[in-house]
Colleague: 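Just dropping this structure here.
Remember, it's a predicted structure, so these values are computed and weren't measured experimentally.
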Amino acid sequence: QVQLVESGGGLVQAGGSLRLSCAASGSIFSINAMAWYRQAPGRQRELVARITSDGNTNYADSVKGRFTISRDNAKNTVYLQMNSLKPEDTAVYYCNAEVWNYDVARYLGLWGQGTLVTVSS
């Protein structure tokens with residue numbers, strides 16, 4: 001019913017920038033927090049950045065000062081601006097949104113399909 005679709009991934013040289021987008025579509029009653037996670041080959045999925053419904057943010061230490069998360073509530077979209085990219089940022093980036101679920105009367109995390117970011121050295 002509700003889907004998250006990421007876009008904006010690709011290949012970039014170290015020091016470059018990319019902007020990821022994630023748009024929620026379908027029958028949406030409410031979205032609470034939204035976040036970006038990433039998973040590199042052989043690594044566990046990790047939280048990169050999170051933004052609450054009122055705009056409060058937090059970041060992984062590894063991306064502080066380089067990445068910026070933002071959202072457009074009218075468009076049900078979250079963005080991740082990635083600057084000064086490093087090879088260690090290479091990963092599949094996943095969007096997550098806490099979407100109201102009527103069946104359980106709670107906000108539940110919903111995942112996008114992922115978008116690949118590759119940073120060359």
Side-chain angles (χ1 to χ4, degrees):
Q1 185 176 358
V2 180
Q3 296 184 21
L4 301 179
V5 180
E6 300 101 330
S7 62
L11 176 64
V12 65
Q13 291 184 322
S17 299
L18 283 174
R19 189 186 191 222
L20 306 183
S21 299
C22 172
S25 62
S27 299
I28 300 171
F29 175 74
S30 180
I31 300 178
N32 195 17
M34 304 183 81
W36 288 96
Y37 291 74
R38 68 186 181 187
Q39 188 165 22
R43 304 290 181 86
Q44 293 185 334
R45 188 172 299 186
E46 65 174 344
L47 176 66
V48 176
R50 182 176 183 268
I51 184 167
T52 65
S53 60
D54 58 357
N56 290 322
T57 61
N58 60 79
Y59 298 90
D61 288 341
S62 60
V63 307
K64 285 181 179 178
R66 300 188 298 121
F67 291 9
T68 302
I69 189 170
S70 61
R71 65 190 289 170
D72 185 336
N73 290 332
K75 296 181 179 179
N76 291 321
T77 300
V78 63
Y79 306 93
L80 186 68
Q81 178 67 46
M82 304 185 294
N83 299 325
S84 302
L85 283 162
K86 304 174 181 180
E88 50 263 45
D89 295 318
T90 296
V92 177
Y93 284 71
Y94 296 92
C95 177
N96 178 271
E98 297 175 350
V99 180
W100 182 258
N101 186 291
Y102 286 93
D103 292 334
V104 298
R106 296 177 65 184
Y107 285 97
L108 297 180
L110 181 67
W111 293 96
Q113 83 288 349
T115 185
L116 177 62
V117 172
T118 303
V119 184
S120 64
S121 59

Colleague: Going by the side-chain contact (heavy atoms from CB on, under 4.5 Å) test, name the single residue among Thr90, Leu11, Leu18 that passes it with Val119.
Modeller: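 Testing Val119 for a side-chain contact (heavy atoms from CB on, under 4.5 Å) against Thr90, Leu11, Leu18 leaves exactly one candidate, Thr90.
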
Colleague: Any sub-3.5 Å donor-acceptor pair from Arg106's side-chain atoms to Tyr102's backbone N or O?
Modeller: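 No; zero donor-acceptor contacts below 3.5 Å.
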
Colleague: Under 3.5 Å, is there a donor-acceptor pair between the side chain of Thr115 and the main chain of Gly9?
Modeller: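 Judged by distance alone, yes, a pair lies under 3.5 Å.
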
Colleague: Taking side chain as C-beta onward, heavy atoms only, is Leu110 less than 4.5 Å from Leu108?
Modeller: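 Contact flag for Leu110/Leu108 side chains = no.
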
Colleague: Taking 4.0 angstrom as the limit, do Glu98 and Arg50 come out as a salt bridge?
Modeller: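 Arg50 and Glu98: salt-bridged.
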
Colleague: Could you check whether any side-chain heavy atom of Gln81 comes within less than 4.5 Å of a side-chain heavy atom of Ser70, counting everything from C-beta outward?
Modeller: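 No, too far: nothing below the 4.5 Å cut-off.
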
Colleague: Between Ala24 and Leu4, which heavy-atom pair has the shortest distance, and what is it?
Modeller: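 Answer, listing the atom of Ala24 first, then Leu4: CB-CD2, 3.4 Å.
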
Colleague: If we only count heavy atoms from C-beta on, is the Arg45 to Val92 side-chain gap below 4.5 Å?
Modeller: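 No. Closest side-chain heavy atoms not under 4.5 Å.
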
Colleague: May I ask you to check whether Glu6 and Gln113 show a side-chain donor-acceptor distance below 3.5 Å?
Modeller: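 Yes, side-chain donor-acceptor contact under 3.5 Å.
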
Colleague: Quick check: closest heavy atoms across Met34 and Ala97, and the distance to 0.1 Å?
Modeller: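 In this case the closest contact between Met34 and Ala97 is CE-CB, 4.1 Å.
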
Colleague: Within this structure, what is the OG-NZ distance for the pair Ser25 and Lys75, rounded to the nearest 0.5 Å?
Modeller: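 That separation rounds to 14.5 Å.
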
Colleague: Write out all pairs satisfying ring-ring contact (aromatic ring centres under 6.0 Å, His included) with one or both partners inside residues 30-52, taking only residues at least two apart or from two chains.
Modeller: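 Residue pairs with at least one partner in residues 30-52: Tyr37-Trp111.
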
Colleague: Does a donor on one side chain sit under 3.5 Å from an acceptor on the other, for Thr77 and Asp72?
Modeller: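 No, no side-chain donor-acceptor contact under 3.5 Å.
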
Colleague: How long is the span from the OG atom in Ser53 to the CZ atom in Arg71, to the nearest 0.5 Å?
Modeller: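 Going from OG on Ser53 over to CZ on Arg71, the span is 6.0 Å.
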
Colleague: Between Val117 and Arg38, is any pair of side-chain heavy atoms under 4.5 Å apart?
Modeller: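 Answer no - side chains too far apart.
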
Colleague: Is it the case that the side chains of Tyr79 and Thr68 hold a donor-acceptor pair, with the cut-off being a distance below 3.5 Å and no angle test?
Modeller: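 Checked: Thr68/Tyr79 side chains show no N/O donor-acceptor pair below 3.5 Å.
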
Colleague: Using the rule that Ile, Leu, Val, Met, Phe, Trp and Tyr join whenever any side-chain heavy atoms are under 4.5 Å apart, tell me whether Val78 and Ile28 fall into a single cluster.
Modeller: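 Yes: a chain of side-chain contacts under 4.5 Å links Val78 to Ile28.
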
Colleague: Could you check whether atom CD of Gln3 has more than 12 heavy atoms from other residues, nucleotides or ligands sitting under 6.0 Å from it?
Modeller: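 12 or below, so no.
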
Colleague: Following the transitive rule for hydrophobic clusters with a side-chain heavy-atom cut-off under 4.5 Å over Ile, Leu, Val, Met, Phe, Trp and Tyr, establish whether Ile31 and Val2 coincide in one cluster.
Modeller: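 Same cluster: Ile31 reaches Val2 through Ile, Leu, Val, Met, Phe, Trp or Tyr contacts under 4.5 Å.
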
Colleague: Linking I/L/V/M/F/W/Y whenever any side-chain heavy atoms sit under 4.5 Å apart, do Leu47 and Tyr94 land together?
Modeller: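 Both belong to a single hydrophobic cluster.
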
Colleague: I need the Ser30 OG to Asn73 CG distance, nearest 0.5 Å.
Modeller: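 The distance works out to 9.5 Å.
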
Colleague: Is Tyr93 linked to Val12 within one hydrophobic cluster, defined over Ile, Leu, Val, Met, Phe, Trp and Tyr using a side-chain heavy-atom separation of less than 4.5 Å?
Modeller: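 As far as the 4.5 Å side-chain criterion goes, Val12 and Tyr93 are connected within one cluster.
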
Colleague: Quick check: closest heavy atoms across Ile69 and Ala35, and the distance to 0.1 Å?
Modeller: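 Looking at all heavy atoms of both residues, the closest pair is CD1-CA, 4.3 Å.
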
Colleague: Taking all heavy atoms of Met82 and all of Leu85, pick out the closest pair and write down the distance.
Modeller: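 Closest approach of Met82 to Leu85, heavy atoms only: CB-CD2, 3.8 Å.
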
Colleague: Restricting to non-hydrogen atoms, name the atom on Ser17 and the atom on Ser84 that form the minimum distance, rounded to 0.1 Å.
Modeller: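 For Ser17 and Ser84, the tightest heavy-atom pair comes out as OG-N, 4.3 Å.
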
Colleague: What I'd like to find out is whether the side chain of Phe67 reaches to under 4.5 Å of the side chain of Asp89, using heavy atoms alone.
Modeller: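 Touching, per the 4.5 Å side-chain cut-off.
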
Colleague: How far apart are the closest heavy atoms of Ala91 and Ala40, and which atoms are they?
Modeller: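 Closest approach of Ala91 to Ala40, heavy atoms only: CB-N, 3.8 Å.
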
Colleague: Output all residues satisfying ring-ring contact (aromatic ring centres under 6.0 Å, His included) with Tyr59, sequence neighbours left out; order by chain, then residue number.
Modeller: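 With neighbours one apart ignored, the set is empty.
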
Colleague: Please determine if Lys64 and Asp61 form a salt bridge, counting it only when a charged side-chain N lies under 4.0 Å from a carboxylate O.
Modeller: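 Counted as a salt bridge, because a side-chain N and a carboxylate O are separated by less than 4.0 Å.
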
